[in-house]
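Contents: one structure, followed by commentary.
Whatever order the structure lists them in is the order used to number ligands and atoms, beginning at 1. Just so you know, residue 1 is the first one in the sequence shown, and it goes up from there.
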Amino acid sequence: MKDKYGREIEYMRISIMDRCNLRCQYCMPEGISLVPMEHILTFEEIELVCQAAAELGICKLKITGGEPLVRLGCPELIGRLKRFQELSR
Ligand code: SF4
């Protein structure tokens with residue numbers, strides 16, 4: 001996949017959680033509203049997005065947040081997403 005300038009896109013960041021315990025001012029200022037958990041992508045939805053991205057040539061995923069480790073099951077999700085690196089090669 002290429003961007004409009006013809007550069008190859010091989011990398012995607014995906015945020016799996018908007019919460020974090022540290023609450024740095026620039027990221028989580030006072031009064032910021034958090035997304036209700038029912039509006040956050042499920043692991044199955046994240047896998048679907050990553051599968052589609054891998055088919056388009058994305059071979060690197062960066063899992064971000066907030067703090068991704070705050071999300072229950074994060075290590076298992078990362079284990080499940082590793083297979084997409086193999087798919088895109
Ligand atoms: S996600 Fe990063 S920047 Fe945001 S509050 Fe947490 S540590 Fe700070």
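- A distance of 10.5 Å separates CG in Leu61 from CD1 in Ile46, rounded to the nearest 0.5 Å.
- How far CD of Gln25 is from CZ of Arg23: 9.5 Å, rounded to the nearest 0.5 Å.
- Looking only at distances, a side-chain donor or acceptor of Arg19 sits under 3.5 Å from a matching main-chain atom of Val35.
- In Ile32, the CD1 atom is crowded: over 12 heavy atoms of neighbouring residues, nucleotides or ligands sit closer than 6.0 Å.
- Remark: ligand 1 atoms within the under-4.0 Å shell around heavy atoms of Tyr26 are 3 (S).
- Every residue meeting the side chain to side chain contact (heavy atoms under 4.5 Å, CB included) condition with Lys62, not counting sequence neighbours, appears here in chain and number order: Tyr11, Arg13, Thr64.
- The local environment of CD in Glu38 is crowded, with over 12 non-hydrogen atoms from other residues, nucleotides or ligands closer than 6.0 Å.
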Salt bridge (Lys or Arg N to Asp or Glu O under 4.0 Å) between Glu76 and Arg71: does it pass, once the steps are laid out?
CA-CA 11 Å; Glu76 292 76 18; Arg71 182 152 178 184; over 6 Å; no
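- Counting protein heavy atoms under 4.0 angstrom from atom 2 (Fe) of ligand 1 gives zero.
- Protein contacts to atom 6 (Fe) of ligand 1 involving N, O or S atoms at a distance below 2.8 Å are Cys20 SG.
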